[in-house]
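Here's the structure, in structure tokens; my notes come after.
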Amino acid sequence: MKETAAARPAVEKNEAVAATPARKRRASDEASGSRSRSRSHKLARDCGCDGDLINNLPDVILATIVSLLPTKYGVRSQAVARRWRPLWRSAPLNLDASYDLCSNDFGRFSLVSRILCDHPGPARRFAFDRIHLHREEKRYAEEAAQLESWFNSPLLDNLQELDIVFSLLEYSCGQSEKEKRYPLPPSMLRLAPTLQLARIGSCDFPTEISPALNFPLLRQLDLRRVSISEDVFSGVLSGCHVLENLYLSEIRDVGCLRICSPTLRIIVISCLFEDNGELVIMEAPRLERLLLR
């Protein structure tokens, strides 16, 4: 009992000594947090802000942030606050019709048409992956007309990025199903003067193009599962004056592709031809990398 009684003050003393650093740390953390809050409040006072640094950014910066968001979240930003309501319509449009926008293939058509009608523009990017069209003649004609109206919209007059991949939805009606690719909408070629990036997939290029077709700003071209003739391919490349990156995959209905470009730096090839074919690099003085996948 004497030993226990004698040891108790020593134990309590040790506990008190051990607790002292913890109390000091807590006090230090509280003081540090208080100083941090004081600095934040001082910064807000110096800037004439009320403490909400995001909402006190200029409209032009907020509009830039909104323009970089996926379409779904850009539209939703209108519900953040009254001040945010006009920002989405005043920002350059980044229209990405992915399945995040709508999981229903045909519902995406209506949404894209509605956005193109509601937004005053300009559009910076237009992306639509796996565009499905009905095989039934009437519906096919209606949806084809919708596509033409999209690319003829003044909203796309200064479009910089185009990313479209077609996937024709067919109904066999008791017959054997056969893959069919959609012809590239002629109105899409009118966007050539402002495009900087173009990714086009699963469609048929026209058999002829205008010799005046020009892509003066196009730096990246991505063609996947497209049908294109040798002459049209050469014509497209000759109209690209600053092209640096070229990606080719599963090119159809052509036996030979000839590349002649004074600006190309990177060529990426993946399963180039559906059948047998030949790739000839005739002139590419700036070519740095040729990647075969």
Side-chain angles (χ1 to χ4, degrees), residues 63-64 66-78 85-102 104-134 138-169 181-206 209-210 212-223 226 236 239-240:
T64 301
V66 171
S67 72
L68 298 174
L69 296 174
T71 305
K72 178 173 68 175
Y73 299 111
V75 174
R76 288 180 177 178
S77 68
Q78 298 175 95
R85 290 176 187 172
L87 291 178
W88 181 70
R89 286 181 169 83
S90 65
L93 179 61
N94 173 19
L95 180 48
D96 186 353
S98 65
Y99 283 102
D100 287 337
L101 181 65
C102 179
N104 183 286
D105 288 322
F106 303 114
R108 289 193 296 162
F109 259 79
S110 299
L111 279 174
V112 169
S113 296
R114 181 177 176 183
I115 290 172
L116 290 175
C117 289
D118 290 349
H119 200 286
R124 179 181 62 84
R125 177 173 179 262
F126 181 86
F128 199 130
D129 188 25
R130 284 177 285 177
I131 301 176
H132 292 283
L133 300 177
H134 278 84
K138 183 178 179 181
R139 288 290 301 274
Y140 182 96
E142 292 173 353
E143 291 168 354
Q146 267 190 307
L147 284 177
E148 285 292 325
S149 69
W150 293 351
F151 295 119
N152 278 316
S153 171
L155 192 70
L156 304 185
D157 283 350
N158 295 299
L159 193 70
Q160 298 176 19
E161 298 182 19
L162 177 67
D163 187 344
I164 55 171
V165 178
F166 292 88
S167 181
L168 185 63
L169 182 62
R181 294 182 298 277
Y182 184 76
L184 189 72
S187 57
M188 202 208 72
L189 295 176
R190 80 173 191 88
L191 307 175
T194 61
L195 287 179
Q196 298 179 23
L197 181 152
R199 176 176 177 256
I200 303 171
S202 300
C203 64
D204 293 340
F205 271 70
I209 60 172
S210 169
L213 185 64
N214 195 20
F215 296 87
L217 304 178
L218 192 66
R219 295 187 177 277
Q220 181 173 335
L221 177 61
D222 188 333
L223 300 178
V226 301
V236 169
C240 300

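Atom set for the values below is all heavy atoms of this structure, side chains included, hydrogens, waters and symmetry mates excluded.
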Taking atom CG of Leu116 and atom OG of Ser149, what is their separation to the nearest 0.5 Å? 7.5 Å

Applying the side-chain contact (heavy atoms from CB on, under 4.5 Å) test to Arg125, which of Leu197, Leu162, Asp96 qualifies? Asp96

Quick check for you: to the nearest 0.5 Å, what is the distance between Asp118 atom CG and Leu93 atom CG? 10.5 Å

Quick one: does Leu155's side chain get under 4.5 Å of Leu95's, heavy atoms only? no

When rounded to the nearest 0.5 angstrom, what distance separates CG in Leu156 from CG in Leu191? 6.0 Å

Rounded distance (nearest 0.5 Å) linking atom CD of Gln196 with atom CZ of Arg124: 10.0 Å

What distance separates Leu218 CG from Thr194 OG1, expressed to the nearest 0.5 Å? 10.0 Å

State whether the side chain of His119 and the backbone N or O of Pro92 hold a donor-acceptor pair below 3.5 Å, judged by distance alone. no

To the nearest 0.5 Å, tell me how far Cys240 SG sits from Phe215 CZ. 6.0 Å

For Ile131 and Val165, what are the C-alpha separation, side-chain angles and deciding distance, and is it a side chain to side chain contact (heavy atoms under 4.5 Å, CB included)? CA-CA 6 Å; Ile131 301 176; Val165 178; over 6 Å; no

What I'd like to find out is whether the side chain of Arg130 reaches to under 4.5 Å of the side chain of Ser202, using heavy atoms alone. no

Scanning both residues in full, the closest heavy-atom pair of Pro193 with Pro216 reads O-CG, 3.4 Å

Side-chain donor-acceptor contact under 3.5 Å, Ser113 with Gln146: yes

With Asp157 via side chain to side chain contact (heavy atoms under 4.5 Å, CB included) - residues at least two apart: Pro154, Arg190

Measuring only between side-chain heavy atoms, which start at C-beta, is Tyr182 closer than 4.5 Å to Asp204? no

Relative to the ring of Phe151, is the ring of Phe126 parallel (under 30°), tilted (30 to 60°) or perpendicular (over 60°)? perpendicular

Nearest non-hydrogen partners of Leu184 and Cys203, listed with the distance: CD1-SG, 3.8 Å

Looking only at non-hydrogen atoms, find the nearest pair between Gly239 and Asn214 and report the distance. O-OD1, 3.1 Å

State, yes or no, whether a side-chain contact exists between Leu223 and Val236 at a heavy-atom distance under 4.5 Å. no

What's the verdict on side chain to side chain contact (heavy atoms under 4.5 Å, CB included) for Leu111 and Phe109, showing C-alpha distance, side-chain angles and the deciding distance? CA-CA 6 Å; Leu111 279 174; Phe109 259 79; over 6 Å; no

Correct closest heavy-atom pair for Arg199 and Asp163 would be NH1-OD1, 2.7 Å

